[in-house]
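In listed order, ligands and their atoms are each counted from 1.
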Amino acid sequence: MPGNSGTSMRLLSGLLAGQEFLSVLTGDASLRTRPMGRIVQPLQQMGASIMGRHGDTLAPLAIRGGNLRPIEYDMPVASAQVKSCLMLAGLSATGPTVLHQPALSRDHTERMMAAMGAQVNSDGLALTLIPTTLKAVDVAVPGDISSAAFWMVAGLIHPNARVTITGVGLNPSRAGIIDALQMMGAGDCLRLENQRTEGGEPVADVVATSASLQAIELGGEIIPIMIDELPVLAVAACFARGQTVFRDAAELRVKESDRIETTVSELRRMGADIDPREDGMVIRGVSKLTGTDVESHGDHRLAMSLAVAGLAAAGTTTIHGSEDASVSYPNFWEHLRSITNG
Ligand SMILES: O=C(O)C1=C[C@@H](OP(=O)(O)O)[C@@H](O)[C@H](O)C1
Ligand SMILES: C=C(OP(=O)(O)O)C(=O)O
């Protein structure tokens, strides 16, 4: 079955651009609509031969790599996927790769490559990678904060909840959701316990209990460090007092679904007062959501966000396409059952 991971396609393209053989990468209908020009164009500048549909901007991508030139590149989007793709290609270039980022995005690739012996220097928004052969290391992968975010929001918006999520990775380039929930007034209802460092990354247990949240305005540099959490934060905003605004988040339109349109349409079905904006959404808190039939639109994060909305809604919520959750969280429904059964 064709896959659905933009991250895999973009990172693999970077790796394959340095290999002297022909590769063809494709995916499901959603992945074949995701913008690939953002990686194809700089990889072509490095000398890789890449062809794709629609002027080399859409998969399937045919890549014949090898002999890459070093580039200095101004990244038009704050994307960790583009950055990681070019770093992987840069490993086999004939000189240093220099990237200028418009804003910081998650830095797991920088940390992991450095741990594997690569020379990676970050200076503000500029990043330089000197090509090296990586050495193998044992890696402890911390719990994924994007998956944990569903339980944080569930614990905060449910009227009678206490949820503990153990071993959550809190890398500062990923932890925007904690800051956003604190700005919404979560306070002691969202606590970090047993803070420690594992595998070079900050980790803690996160405890979320029922809270009274207030609206916030969110935009600018926090957006790339919590981009995948915006759909579930929209659910939290439905239960907050006042009007929440997300801006500078147009990237949501080019994820597995157009997450601005799909989050708005599905939460509206449940009674949310939510409007789309070109680069975000506006959500006014309501006293309750009501369970009904909703649709995942082939998007794992939407399926799981709707489950969280359903937990706090009155009546039954039926999520069509609930199996999509397995794209990033195969045990999601099992974990949901275990927290609801106490
Ligand atoms: O590097 C990654 O693994 C990811 C980066 C983000 O994409 P962008 O950095 O392109 O926004 C995020 O949305 C995606 O789910 C995973
Ligand atoms: C992993 C995700 O997406 P992608 O398909 O971009 O890898 C995501 O949306 O959380």
Starting from atom 14 (C) of ligand 1, locate the nearest protein heavy atom and write down its residue, its atom name and how far away it is, to 0.1 Å. Gln81 NE2, 3.2 Å

Can you label the angle between the Tyr329 ring and the His335 ring as parallel, tilted or perpendicular, going by 30° and 60°? perpendicular

Quick one: does [X] get an N or O within less than 3.5 Å of an N or O on ligand 2?
| X | result |
| --- | --- |
| Ser8 | no |
| Gln81 | yes |
| Arg10 | no |

His108 near ligand 1, heavy-atom distance under 4.0 Å? no

Interfacing atoms of ligand 1 (cut-off 4.0 Å, heavy-atom, Ile227): 13 (O)

Counting only heavy atoms, tell me which of Ser105, Ser5, Ala80 gets closest to atom 9 (O) of ligand 1. Ala80

Does ligand 2 have any atom sitting under 4.0 Å from a heavy atom of Ser146? no

Does some side-chain heavy atom of Arg253 sit less than 4.5 Å from a side-chain heavy atom of Glu278? yes

Neighbour count >12 (heavy atoms, 6.0 Å) for atom CD, Glu221: no

How does Arg106 reach ligand 1, if at all, at less than 4.0 Å between non-hydrogen atoms: by side chain, backbone, both, or neither? side chain

Under 4.0 Å between heavy atoms, the region of Lys255 that gets near ligand 1 turns out to be side chain

